[in-house]
Amino acid sequence: MHIEKFNPSVVDKKWQEHWENKKIFQASKSKDKPKYYCLEMFPYPSGKIHMGHVRNYTLGDVIANYKRLKGFNVLHPMGWDSFGMPAENAAMQKKLHPKDWTLNNIKTMKDQLKLLGFSIDWSREISTCNDDYYKHQQKFFLDLFNKGLVYKKESLVNWDPVDNTVLANEQVIDGKGWRSGAQVIQKKLSQWFFKITAFADSLDTSLNTLHEWPEKVKIMQKNWIGKSIGCELSFEIKNQKEKITVFTTRPDTIFGASFIALAVDHPLSKDYEKNPKFIEFKDNCYKTGNTDEAIAKTEKLGFKTDYEVVHPFIKNKTLPVFFSNFVLMEYGSGAIFGCPAHDQRDLEFANKYKLEVTPVILPKDENIKNFKIKDEAYTGDGKIINSDFLDGLNVEDGKTKIIYEIENNKLGKAKTTFRLRDWGISRQRYWGCPIPILYDEKGNIIPVPENELPIKLPEDINFDKPGNPLDHHPDWKKVKCTKTGKELVRETDTLDTFVDSSWYFLRFCSSDNDQEGFAIDDAKYWMPVDQYIGGVEHAILHLLYSRFFSRAITQDTKFEIKEPFKGLFTQGMVCHKTFKNQNGEWVFPEDVIEENGKFIEKNTKDIIKVGPSESMSKSKKNVVDPQTVINLYGADSVRWFVLSDSPPERDIQWSDEGISGSYKFIQKIWTISEMIQNINDKNKLNEEEIKQCEKLINKLIKEITFNIENFHFNVAVAKFYEFINHISKMLHEDKSQKSIFQKIFKDFLILIYPFTPHLASECWEKNYKNKDIHTSKWPGFDDKLIKEDKINIVVQINGKKRALIDMEPDQDQELIFDKCLQIENVKKLLLDKNILKKIYVKNKLVNIVVK
RNA sequence: GCCCUCGUGGUGGAAUUGGUAGACACAAAGGACUUAAAAUCCUUGCCGCUUGCGGAGUGCCGGUUCGAGUCCGGCCGAGGGCACCA
């Protein structure tokens, strides 16, 4: 029998057209089915799709397909995060208009995504750079402005001198711009902010409700928000009216306080602003290193003032006041009390300036007489000592009591502070959403009236000058007030592109609604996103902003959304070996061939140095172009490969052997499908063999269902291999029967359809003469049919495996022990030994404990 | 420095609740078919002796348990996040 090969280049196209023509993946609200919103992080249209996209969208597609077969009404949309810097860079370097460059990339990438046969509802496609998207965003901005959640403030900002723009704290990595890699400098500018801190507590505590998020991501967000519970405490300054308010999380150590430290830009620094020594000191503080790590290791420096403060609980005790480089004005109140015995930084400072070190917490196993603090502060729990009315308490009770005393004596109050800062959203760029704000001649802020939205970007734009092109535009920013006719000026800052991606999941619910960003009815039906999938690099920024934005724009409306993403999955990266030629230049993998275990460059025959496998990146050229691979092997092989071997949350190694292995497997399934159609039924199966077949498929159904539900796609893949190996063997041994095989193969095709939809559809059509596999019901399984009628029971002696016995399940315990003792090997090992104990785990193992 | 995660064959990785370690795949070696190659199929894969069996074995050391890759304590190593946060 000759079997034609499976030809993906024909089959893929056939099914993709069929799905599109029949609008199979278009979603609409339905009362009959439960909804399921499956979303992958939308791509930035940088040019071509890369393997990371392939992996991300394949993972999502498995879920979307699976849920559809499970009877859910699935929303699985796609869009484009299409504002951003690379478009402007392209404009400057290639003299292309950012819009043309972007739209062109979107077209290319959309075509490429379609080649993979994803079950996407393209009718809901959105693009953030279209004014029919960003006009709604401008409306949200105005809403937030009216709610007092947007404000403008003169502030020190992170300035990227290469990109000529402001960066959010989150976008500064190791003191460098996240995109340009340039050393970030501090600059004072008037900037727009979202008041994300207003939601700090809610963003923190609500993390506990996200049961389907990775622990890791929740911890990262918790650390970023940095909630700390403590209190404010005021110190009277001797001979002055003013007081110094400090924030502390360790009020229980107040009796160990030996100094006060202020940030150099603390309000009290005004008294010293003309003091040349202080000016010198302040300059020194600013000079110290730029990277965060350098700052952390910098020596603690102090400038002693003439102030003295009175200790609030110890009569006649005064504390010296310093300005210091390790206290930040942005956190707490810009002032601390130093307790050197129980804080490492305070201790270093105290040792340097020869200040008192009084221990007030005694560790459990220490003696009060011998306990001394030298170079290491003690930060653990213990018994409070040297502390008057707090003596004898532990740290926690001490805190409660001292805060009570502080509040009672009107010295301060309990307070919670956060590390989180407000979100700076101003960007001095062209290719972003314009901020709908006007200024009059005095600089007063005038929000653009809603009926004048959208504020569209001008099409004619010039990138020749550095800085903000919108600002340089000859007339765009000049407007006449529609009411008064006065000359007004537009805000030329545009919004951080993270704003665009903070609500796009809501837009998908109402993508064709011209009147509002989303309709409450739609959001009520589709939200929250049931499963969100994307890279872990967005664990903080994008996810935190989205959580904030959802809260902010729905606050005080009929439908408040707190958590937009019910389930989150963060996938690993796609890696590849790196290659360098003799000149140390990176070489593309496609230009490298292997000969006798050595790698050489295809054209020059240069010997290639093989570097470690790293995440695919253009700069290291260790990329494999998805389109090339799809053309060669077809969509299903590529999908299959990125699901195989590695668990989705971990990095995956791209390899040529791997993809050709996947291709072979696709062909194997095809061959089996063809063989099943041609079974001649010369030898029918006996009853035992039929039972065996039922067991195989029931087991597979159970395993695939379990492994999809738990994101163990690599294990599901292994189970498919196991099953196919079985079936293949039976077919080759002529142990087959058409009716039985077509019955179990039918279920098999439904199971594998989410992974390889083209192959499954084609096999289905040939075997069962219809195109409707996608409307099938996910098969159920019967545990009774899976149960083995002969099982292996492990026989252990002192916990070591010594033999196996074949038994029917659920046998009497004594019978099994008897059988064990008859085994030659066991007999031998039990000779001259006393049996102390016999353990039986039902249908699994026997352990005989002897001495 | 603090927080988190992970260490299993030559490689990627399996092992629901502690219960047969190495499923499945890749690579390698040997073999079958073939004039040959490709494709396909089979076998092997730590140490010791004769099929069989015995021994070691999931980064290292110790503990709990009849039994530990899995639980606990302490090290070592890799990766990630945060970084003067009071």
Side-chain angles (χ1 to χ4, degrees), chain A residues 5 174 214-224 226-228 230 246-251 253 261 263 288 291-300 324-328 330-339 343-346 348-349 379 417-421 536-537 539-540 641 644-647 649-653 655-658 660-662 664-665 667-668 671 706-707 710 712 714-725 728-729 732 792-804 824-825 828-829 836-842 844-850:
Chain A
K5 270 199 156 187
D174 292 333
E215 251 352 272
K216 182 173 72 170
V217 174
K218 288 194 274 185
I219 289 165
M220 280 162 71
Q221 293 221 352
K222 247 191 159 50
N223 291 342
W224 191 263
K227 180 176 181 173
S228 47
V246 305
F247 173 74
T248 179
T249 57
R250 292 298 302 275
T253 63
T288 48
T291 69
D292 293 330
E293 200 189 348
I295 292 166
K297 284 177 185 158
T298 305
E299 194 184 11
K300 314 280 173 281
S324 174
N325 63 342
F326 73 98
V327 179
L328 306 171
E330 304 89 77
Y331 187 79
S333 56
I336 61 155
F337 76 74
C339 175
D343 183 287
Q344 192 58 35
R345 290 156 304 170
D346 297 350
E348 283 168 31
F349 190 83
T379 55
T417 59
F418 297 89
R419 208 189 75 106
L420 186 70
R421 308 286 153 74
V536 72
E537 66 273 18
I540 301 172
F641 175 80
S644 308
D645 286 344
S646 287
E649 68 275 13
R650 260 191 252 176
D651 289 353
I652 186 171
Q653 303 295 324
S655 74
D656 294 339
E657 294 83 8
S660 77
S662 297
K664 278 180 203 164
F665 185 64
Q667 292 297 343
K668 190 168 182 173
T671 308
F706 175 84
N707 285 308
N710 290 285
H712 298 161
N714 58 320
V715 185
V717 164
K719 300 297 177 190
F720 279 123
Y721 273 110
E722 224 165 330
F723 176 84
I724 282 296
N725 288 347
S728 166
K729 202 166 185 177
H732 282 106
N792 277 331
I793 291 178
V794 182
V795 183
Q796 295 183 337
I797 295 170
N798 287 345
K800 280 204 169 130
K801 185 174 90 176
R802 294 299 176 184
L804 286 174
E824 278 305 316
N825 198 27
K828 207 169 74 193
L829 287 157
L836 300 177
K837 205 173 177 184
K838 286 187 266 184
I839 287 152
Y840 174 59
V841 182
K842 199 179 164 191
K844 275 212 162 139
L845 87 143
V846 169
N847 190 8
I848 303 169
V849 186
V850 298

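Values in this document were obtained by computation on a predicted structure and should not be read as measured data. Per chain, numbering begins at 1; letters A, B, ... match sequence-line order.
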Polar-atom pairs under 3.5 Å, protein N or O versus N or O of nucleotides 65-70 of chain B: list them with distances, or write none.
| from | atom 1 | to | atom 2 | distance (Å) |
| --- | --- | --- | --- | --- |
| B/C66 | OP1 | A/K837 | NZ | 3.4 |
| B/C66 | O2' | A/N847 | ND2 | 3.3 |
| B/C66 | O2 | A/N847 | ND2 | 2.5 |

Check this one for me: any side-chain N or O of A/S324 less than 4.0 Å away from OP1 or OP2 of B/C84? no
| request: Would you classify A/K838 as touching base, sugar-phosphate or nothing, given that sugar-phosphate means primed atoms plus P, OP1 and OP2, and contacts are heavy atoms under 4.0 Å? | output: nothing
**Report entry** Any A/R650 side-chain N or O less than 4.0 Å from OP1/OP2 of B/G79
**Finding:** no
query = With no hydrogens and no angle check, is any side-chain donor or acceptor of A/S324 less than 3.5 Å from a backbone partner on A/V327?
reply = no
Would you measure the distance from the P atom in B/U70 across to the matching atom in B/G57 and give it in whole Å?
14 Å
Open item on the list: Given the structure, check if the side chain of A/K300 and the base of B/C84 hold any donor-acceptor pair shorter than 3.5 Å.
Closed with: yes
Query raised in the report: With a 4.0 Å cut-off on heavy atoms, is A/V327 in touch with a base, just the backbone sugar-phosphate, or nothing at all?
Result: base
Taken to the nearest whole Å, CG/A/N223 to P/B/C2 is 14 Å
For the residue pair A/F349 and A/F326, categorise the inter-ring angle as parallel (less than 30°), tilted (30 to 60°) or perpendicular (more than 60°).
tilted
- Donor-acceptor pair, A/N710 side chain versus A/F706 backbone, under 3.5 Å? yes
With a 4.0 Å limit, can you tell me whether A/R419 has a side-chain N or O closer than that to the phosphate oxygens OP1/OP2 of B/A83? yes
Checking all strands, does A/F665 fall into the base, sugar-phosphate, or nothing category for heavy-atom contacts under 4.0 angstrom? nothing
Under a 3.5 Å limit on both distances, the Watson-Crick or wobble mate of B/C26 is B/G10
B/C82 -> Watson-Crick or G-U wobble partner, both distances under 3.5 Å, gives B/G1
Requested in this report: Ignoring backbone atoms, test whether A/N725 places a side-chain nitrogen or oxygen under 4.0 Å from the OP1 or OP2 oxygen of B/A25.
Outcome: yes
| said: Any donor-acceptor pair under 3.5 Å linking the side-chain atoms of A/Y721 with those of A/S644? | reply: no
Note: for A/Y721 and A/Q653 on RNA chain B, the residue whose nearest nucleotide lies more 5' is A/Q653
